[in-house]
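To start, the structure itself, in C-alpha cells.
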Amino acid sequence: MTIHSLRGFRDILPPDSGVFYAIESAAREVFKLYGYREIRIPTLEARELFVKSTGDTTDIVQKEMYAFTDQGGREIAARPEGTPGVVRAYIENNLSQNGGNGKYFYMGGMFRAERPQAGRYREFEQIGAECIGAHGAFADAESISMLMEMLKKAGLSGCMAEINSLGCATCRAAYRAGLLGFLKTNPAALCEVCRTRMEKNPLRALDCKLDGPRLALEAPAIKLCPSCQLHFSRVQELLSALNAPFKVNKSLVRGLDYYTRTIFEVKTGASGGSQDALAGGGRYDELVKSMGGPDAPAVGWAMGVDRVALLLKGLIPESDAAQVFVVCAGSGSPAVVPIEKSGEEPYWEGRLGKIQQDGGNTPEASSRAFALLGELRAAGIRTDFSDFNLSLKSQLRSADKSGAYLALILGDEEIKNSVYALKFLKEKKDQRNVPAAEIIPAIKAALPVK
Ligand code: ATP
Ligand code: MG
C-alpha cells in the first residue's frame, strides 16, 4: 500500500520549484531596496492569537483553520496567515524599542482547510510585508508600490492594485447601522453563515465568497470622516507620484477583522474567477494595541506565491539546469558487462548487464573526470554527470536529458594528449577539442549569456 499526500497538500517539483525560487529572490532584492528585514516566525501558534486578531467571525478562523489540542492540552493552530504572528513577535520582543518604523518581511507556508482547486491549496506559500509604527499615507503608498515593483521584478507585467478605504472606527460605527439595514431588507439573499454573523460583523457579508460581489455592488458605500478621506486622497496622490498602477474600487472589502482605512488587492489581468487575487493587504491601525502592544499603526500585505508561480510557469527561463555535463569515455568502455553473452549484441544497456565496479574506464580517466567536476564547480559553472561507470552512449543520453548546454567528454586518449572534447548539445550539436589547460575559459566563452 502506498501513502499519498493529503488532499490540498502538494509537492512542488522542479522545474516549478525554480519558479518559486525566482519569485523569492526577486522579493528579497526588492525588500532590501525598501529597507525591509526578514522575520522568521513559528508555524504553530496559540489558537487564541488568530481568534483575537484575524477575528472569530472570519472564514479563516470559523471554517479554515487547522487547529488541534496538543499532548499538553494546549489549543494550537497552524498559521493561516502571517500578520498575527508578526504582531505577536513585535510585542513580545519589544521591537517598538528599536526606534523608527519596524519594517519586516516573511516567507513561508500558511494553512487553510479550504476546498482545494487550481490556485487554492490547503498549504500555500505567502510572502508578506509589515510596516509597523507609521501613521502617514507615505507608508501605505510605499507598501503598495513595493508590492507592484516586486510582481514586476518577478516577471509579471500588467498587474493592477485595487484600493479602497474602510475608514476608522468612527466611520465604521456610522456605517454599521446603514449596512445592517440594507442586509436586513433582504436576508434571503444572504448565505447561512452571513445571516448568523450579520449582527456581529455586517461588513463580512460583502466579502462572502457566495454573495459578496453582488451585495458589495448594491450596498451603500461607506462615508469616510474628513481625516480618513484626507488620508485616502493622499494615498492616491502618492501612488500616482510613484507611477504605481492602481484604481479605486469602492466595493472592495477584505476578509479579515483588523483592517482600518486603506485596503488593497492585486488581481491578475486575466480571467476573473475566485482565484484571481495575487495579493491582499491593508492598514491595521488598532491591531498592535488591541493585542496588548503599544499604540502602533501599521500597514502590510501578503502575496500568494503559488498563484504568482502559476502565472509565471514557462515564462521564467530555467536557471538551475546544469550548464556542463561531464562524460567519461575511457578505454575499455562499455562499462557494462553482460550477465550472459547473447550472440552479436553483447553489452551497452545497463539494464542488460551488471555494472562493473571500476567501469570500463581506467581509474585514471574517471578520477580525472571526477576531479574536473570539482574544478568546474569551483569556477562557478553548474556541472553534473551521471555515472562514469556507464557506457558513453548512456552518459550522453543523460547529458541530453539534463538540459545541459555542453557535454565535456574525456577519455584515456584525451588525458594522454591533454585535450578534452567539448560537445554542443543544443542548437549547433558540433564538437571540438580544447586543450585541457584552457578548458574553463573555453566553457565560459561557449556558454550563452543569461
Ligand atoms: P481569496 O479571496 O482568494 O480566498 P484571501 O482574501 O483569503 O484570498 P488573503 O488572506 O488576503 O487571501 O491572502 C493573500 C493572498 O494569499 C491571496 O491574495 C492569495 O494569492 C493567497 N492565498 C490565499 N488563500 C490561498 C490558498 N488557499 N491557496 C493559495 N493561495 C492562497
Ligand atoms: Mg480566502
Side-chain angles (χ1 to χ4, degrees), residues 6-10 12 16 19-20 23-24 27 50 53-55 57-66 77-86 105-130 143-144 147-148 150-151 154 156 159-164 166 193-194 203-213 216 249 251-259 262-284 287 299-313:
L6 299 171
R7 193 167 126 79
F9 291 74
R10 63 197 184 123
I12 295 162
D16 294 355
V19 179
F20 275 65
I23 298 167
E24 290 156 3
F50 305 106
S53 53
T54 311
T57 62
T58 59
D59 281 351
I60 290 179
V61 169
Q62 278 189 340
K63 302 194 275 189
E64 300 171 357
M65 208 148 67
Y66 279 96
R79 60 185 184 194
E81 57 144 341
T83 306
V86 174
F105 76 85
Y106 59 85
M107 299 183 178
M110 303 294 157
F111 303 83
R112 299 184 193 177
E114 321 192 55
R115 194 168 70 78
Q117 48 203 293
R120 195 175 292 284
Y121 314 101
R122 293 184 168 171
E123 179 178 5
F124 57 99
E125 186 185 320
Q126 283 188 340
I127 295 177
E130 315 289 356
S143 177
I144 296 169
L147 170 59
M148 304 312 283
M150 198 172 284
L151 288 166
L156 270 194
C159 288
M160 172 70 78
E162 296 187 3
I163 67 170
N164 194 16
L166 292 179
V193 185
C194 288
L203 255 184
R204 192 76 318 122
L206 304 186
D207 195 44
C208 173
K209 278 276 174 310
L210 296 173
D211 309 301
N249 174 358
S251 56
L252 179 68
V253 258
R254 300 258 314 128
L256 313 175
D257 269 3
Y258 47 66
Y259 287 122
T262 321
I263 53 165
F264 48 91
E265 228 163 54
V266 177
K267 304 238 172 91
T268 57
S271 68
S274 62
Q275 275 82 254
D276 65 345
L278 298 180
R283 212 168 234 297
Y284 48 98
L287 182 62
V299 57
W301 50 255
M303 175 206 292
V305 182
D306 303 69
R307 290 189 194 173
V308 176
L310 266 179
L311 293 174
L312 288 177
K313 203 172 167 158

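If you read the sequence from its start, that first residue is 1, and numbering goes on from there. Remember, it's 1-based here, ligands and their atoms both numbered in the order they're listed.
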Of Q126, R122, R307, the one whose closest heavy atom lies nearest atom 19 (C) of ligand 1 is R307
Per-atom filter on ligand 1: closer than 4.0 angstrom to a heavy atom of A277 are 17 (C), 18 (O), 19 (C), 20 (O)
R254 meets the side chain to side chain donor-acceptor pair (under 3.5 Å) criterion, sequence neighbours left out, with Y259, E265
The answer for which part of V266 has a heavy atom under 4.0 Å from ligand 1 is neither
Quick note on ligand 1: atoms under 4.0 Å from a heavy atom of R112 include exactly 5 (P), 7 (O), 9 (P), 10 (O), 12 (O), 13 (O), 23 (C), 24 (N)
Ligand 1 atoms nearer than 4.0 angstrom to some heavy atom of A279 are 18 (O)
What one should report as the nearest heavy-atom pair of V305 and Q126 is CG2-C, 4.0 Å
Numbered in order shown, the ligand 1 atoms found under 4.0 Å of a heavy atom of A302 are 14 (C), 15 (C)
Taken in chain and number order and not counting sequence neighbours, the residues that satisfy side chain to side chain donor-acceptor pair (under 3.5 Å) with E114 are R120
Within 4.0 Å of some non-hydrogen atom of E114, the atoms of ligand 1 are 24 (N), 25 (C), 26 (C), 27 (N)
The atoms of ligand 1 lying under 4.0 Å from a heavy atom of G304, numbered in the order shown, are 15 (C), 16 (O), 20 (O), 21 (C)
Can you tell whether the side chains of R204 and D59 come within less than 4.0 Å, N to carboxylate O?
no
Within 4.0 Å of some non-hydrogen atom of G119, the atoms of ligand 1 are 28 (N), 29 (C), 30 (N)
Check: S143 main-chain N/O paired with W301 side-chain donor or acceptor under 3.5 Å: yes
Donor-acceptor under 3.5 Å (D207 side chain, G212 main chain)
no
_Below 4.0 Å from ligand 1: does a non-hydrogen atom of L278 turn up there or not?_
yes
Start with the C-alpha distance between R115 and E64, add both sets of side-chain angles, then the distance that settles side chain to side chain contact (heavy atoms under 4.5 Å, CB included), and finish with yes or no.
CA-CA 9 Å; R115 194 168 70 78; E64 300 171 357; over 6 Å; no
For L311 and L278, what are the C-alpha separation, side-chain angles and deciding distance, and is it a side chain to side chain contact (heavy atoms under 4.5 Å, CB included)? CA-CA 10 Å; L311 293 174; L278 298 180; 3.7 Å; yes
Ligand 1 to R254, heavy atom cutoff 4.0 Å, flagged ligand atoms 6 (O), 9 (P), 11 (O)
